[in-house]
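I have placed the structure first, in the form of C-alpha cells, so that the comments after it can refer back to it.
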Number of protein chains: 2
Amino acid sequence: MPITESRTDTRERILNAAQMFAQMRGFNAFSYADIAEAVGVRKASIHHHFASKDDLELELVQRYRLQFGAQLACVERDQATALGRLTGYGALYRATLIAGGICLCGMMASDIRALPEALRKPLHDFFAEQAAWLSGVLDDGRKNGEFVFRGPALRRAQLVLATLQGGLIIAHASQDVSQFDSLLDDLVASVAQ
Amino acid sequence: MPITESRTDTRERILNAAQMFAQMRGFNAFSYADIAEAVGVRKASIHHHFASKDDLELELVQRYRLQFGAQLACVERDQATALGRLTGYGALYRATLIAGGICLCGMMASDIRALPEALRKPLHDFFAEQAAWLSGVLDDGRKNGEFVFRGPALRRAQLVLATLQGGLIIAHASQDVSQFDSLLDDLVASVAQ
DNA sequence: GTCTATAGGTGGATAGAC
DNA sequence: GTCTATCCACCTATAGAC
C-alpha cells in the first residue's frame, strides 16, 4: 500500500454508487443528486471527476468489462472442469440478481437508444467477449466429453448468453431467485451429458 | 363503423406513441412532450386522457397483454403445427426488433425498480401467460413427435422465453437482426427433432 | 376535448471561493 | 478536490378559457 495512494478513492466510490443505481434502476433513472447522496459529497464534486454523465457512463461500461474479465479469470482459476466453469459463470449472474440488479450491460443494451453513441462499441465488445469465453468453455467441455450439443460452440454460447441475460431480467422483475436457479439448472442440463 | 365512434382515437394514438417510445428507449427516457409532438397535440391534452404518467404506464402494460394475446390467437389460427407456432412466436419478437424496439414487458422488467408498484402484478402475469402459451405449444409438439426435450414443458417454456427476451435485447443493442435470426434457428433446433 | 399559461420541482452543468 | 450558489432546460402536473 504505497503512500502515494492518497484519496483518489472518491472517484471509485462514485463509480460504485453509479453502477449500483444503473444495475438496479436503469441508466435514465438515477441522477448526480442520487450519487451525491449515496457517496456523501456534493453534485459539483462528481462533475469534477466526471464532467458529464456521458463520461461517467462510458467509464462505467469500460470498468465493468474489466471487472467481469477479472471474475472470469477467477472462475477459470477455481474451476478445472467445463461444467464447473459454466455453473460458475451462472453464479456471477446470480450474484447480481441477489444484489438487486441485473447485468450492467444487459441494462445498457435495453436503454441503448437513450444513451450516447460512444457506448455502443464497448457494449458490443462486452457481449462478444462473453460469448467468446463461453464458447471456449463449451468447446472444451464437448471435447472432453462433459458436454453434448450440436453445431458451432460459438452459436451455442450466444444461446446461453441470451438465456442468462433474459432470465436475469425476468427474475429481476419477479424478485424470484429460485426462478433463476431453475433456469440455470435447465440451461446446464441442456448441454451436460 | 358506427357513427358513435367519434374521436376517442386521440387516446389510442397517445398509447401508440407512448408504446413506441417505451419499447425503443425505455420507460424513463420519454416524456409527455415527446408524445405530444408525435401525436400532434399539447401536453395538457395527454393529461386529460391519462392524469399521470403512472396511469399511462399501467394502461400500456394492460393493453400490451391484450395485444399479445390477440397475436398469439392469430398464430394458433394460422399455424397448425407446433413447429409453425413456435417459429411464429419467434417472428412476433423479430417484428418488434425490426421496428426498432424490444418487448414492452422486457423493457418494463429491466426498469421495474424505477416504475410504480402497480405495474409489477400485470408484468408478472404477462410473463406467466407467455410461458403458459409456450408450454402448451412445446407439450403438443412433444406429444405428436415434432419436438424432443426432457423435463416439464413449462420449465422448457421458461427457458425459451428467457432466451428470446435476452436475445432480443442483445440484438437490439447490436442493431443486428441476423444475430437474432441465428438465435431463433438454434432455439428451434434445440427442441425440434 | 383541446388549448394557453404556469406552477413547482428536478435534471445536468458551471463559476468561483476555499 | 470539495464546497456554495446559481443557471437554464426540461419534467410532470394543474387551472381555467374556449
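In what follows, every chain begins at residue 1, and chains take the letters A, B, ... in the order their sequences are listed. Quantities reported herein were computed from a predicted structural model and do not represent experimental measurements. Below, each value reflects all heavy atoms present in this structure, side chains not excepted, and no hydrogens, waters or symmetry copies.
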**Complete:** 5' to 3', nucleotides 3-18 of chain C under a 4.0 Å protein heavy-atom cut-off (B base, S sugar-phosphate only, - none) gives BB------SBBBB---
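Side-chain N/O atoms of B:Thr10 include one lying less than 4.0 angstrom from OP1 or OP2 on C:dT2. Remark: B:His48 is not in phosphate contact with D:dT14, judged by side-chain N or O atoms under 4.0 Å from OP1 or OP2.
With no hydrogens or angles considered, a side-chain donor-acceptor pair links B:Arg63 and B:Gln19 at under 3.5 Å.
Scored by the side-chain hydrogen bond (donor to acceptor under 3.5 Å, both in side chains) test, B:Lys43 finds no partners at all (sequence neighbours excluded). For the ring pair (Phe, Tyr, Trp, His ring centres under 6.0 Å) test, no residue two or more places apart in sequence or in another chain qualifies with A:His124.
To the nearest 0.5 Å, the span separating CG on B:Leu72 from CD on B:Gln130 amounts to 5.5 Å.
To the nearest angstrom, C1' of D:dC10 lies 15 Å from CG of B:Asn28.
B:Phe126 and B:Tyr64 have tilted rings, their planes meeting at an angle from 30° to 60° on a 0 to 90° scale.
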